[in-house]
2 protein chains.
Amino acid sequence: MKILLNSLAEPTRWNIVELLKKGPLAVGEIAEELGLRQPQVSKHLKVLSEAGIVAVHPIANRRVYQLNPEPFQELQEWAESYRHLWEERFDRLDDYLMKVEKRGEKEK
Amino acid sequence: MKILLNSLAEPTRWNIVELLKKGPLAVGEIAEELGLRQPQVSKHLKVLSEAGIVAVHPIANRRVYQLNPEPFQELQEWAESYRHLWEERFDRLDDYLMKVEKRGEKEK
DNA sequence: AATTAATACTTCTTTACAGGAATATTCCTC
DNA sequence: GAGGAATATTCCTGTAAAGAAGTATTAATT
């Protein structure tokens, strides 16, 4: 999960991912679309690939990159695990305050 | 969104967030729990705060930090926007291949 | 087989940022 | 208001990683 987040955090890689959201593209197309140099794109794609975010499909002498669905599903589930914050927010703070109070009494 | 991802990507900050998931905590408690020095914790909390991920509640001379729900909701929705990848995956690759074919013919 | 296009792999430089240590600030308590 | 916690800020150093430019590799076409 940390690797996943780290890979997506870099702005250029994020742009690549957002671009691939519309559909698979070859390296050169990505470079042109985003105004980047080809080597940088390849490097970023390597990172994304190692994080399992993209998959490669060699077609002739091109390499077509495509998004994998799994990481995004994983990310969604992780964010979803914070759903309880919606409701319990204030209760939690109150709980904490009461704990602090009690601890203060003990220490006296 | 980029700022949000970037803030969560850093391992220590991710640990802090995972810790705060269980409930609000003061700076010193976070430091102790994670075996970190107080200044680093404050620094990371500042980043998290500027990203809107945490909120502060000053209590006496302590500062209690708590997770904000919104960023996680936002993150979940963003990941959800990639849901179409689940189904359309192979269709998209086929589409791309057909586009490439057609383009090849044109250029001749 | 030679040439060319597309992509990956170096090497180098530079920048961003995390950690460490010391210091400053804030806010209680006496 | 002085002393002491708890927390924030500052300055420094080291390091990881992104960008640039050149080079190597792979594959297709003739």
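Letters go in sequence order (proteins before strands), and every chain restarts at 1.
Within the 3.5 Å criterion, the main-chain N or O of A:R37 finds no donor-acceptor partner in the side chain of A:Q40. Put simply, the side chain of B:R83 never gets that close to the backbone of A:F72: no donor and acceptor are under 3.5 Å apart.
Across the helix from C:dA1-D:dT30 to C:dC30-D:dG1, the helix axis at one end is tilted relative to the axis at the other end by 20° (nearest 10 degrees, each axis from five pairs).
Nearest heavy-atom pair, A:L67 versus A:V17, reported as atom, atom and distance to 0.1 Å: CD1-O, 3.7 Å. When all heavy atoms of B:S7 and B:R13 are compared, the closest pair comes out as O-NE, 2.7 Å. The two atoms that bring B:L25 and A:Y96 nearest to each other are CA-CE1, 3.9 Å, heavy atoms only. Considering all non-hydrogen atoms of both residues, A:L5 and B:L8 come closest at CD1-O, 3.9 Å.
In this structure, B:E32 atom CD and D:dA6 atom P are separated by 11 Å, rounded to whole Å. In this structure, B:L45 atom CG and D:dT7 atom P are separated by 10 Å, rounded to whole Å. Distance, B:R62 CZ to D:dT7 P: 7 Å, rounded to whole Å. Atom P of nucleotide D:dA8 and atom CG of B:L48 are separated by 12 Å, given to the nearest angstrom. Distance CG (A:L25) to P (C:dA6): 15 Å, rounded to an integer number of Å. Between the CD1 atom of A:I30 and the C1' atom of C:dA6 there is a distance of 13 Å, rounded to whole Å. Counting to the nearest Å, the P atom of D:dA18 and the CG atom of A:L34 are 16 Å from each other.
Every side chain to side chain contact (heavy atoms under 4.5 Å, CB included) that A:N68 has, sequence neighbours left out, goes to A:A55, A:E70, A:P71, B:R89. Contacts of B:H57 classified as side-chain hydrogen bond (donor to acceptor under 3.5 Å, both in side chains), with partners at least two apart in sequence or in another chain: B:Q66. For A:Q73, the side-chain hydrogen bond (donor to acceptor under 3.5 Å, both in side chains) test picks out B:W86, with sequence neighbours left out.
Summarising the local packing, CD of A:E33 is surrounded by 12 or fewer heavy atoms from other residues, nucleotides or ligands at distances under 6.0 Å.
Dashed line: the shortest gap from a side-chain N or O of B:Y65 to OP1 or OP2 of D:dA6 is not under 4.0 Å. Within the structure, a side-chain polar atom (N or O) of B:H44 is placed less than 4.0 Å from OP1 or OP2 of C:dG19. In this structure, A:R63 reaches the C:dA8 phosphate: one of its side-chain N or O atoms is under 4.0 Å from OP1 or OP2.
Taking the six-membered ring where tryptophan is involved, the planes of A:H84 and A:Y82 are essentially parallel, since the angle between them stays under 30° and well short of 60°.
A heavy atom closer than 4.0 Å to some atom of DNA chain C occurs in no member of residues 6-24 of chain A.
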If you restrict it to nitrogen or oxygen atoms, what contacts under 3.5 Å exist between nucleotides 21-30 of chain D and the protein, and what is each distance?
none

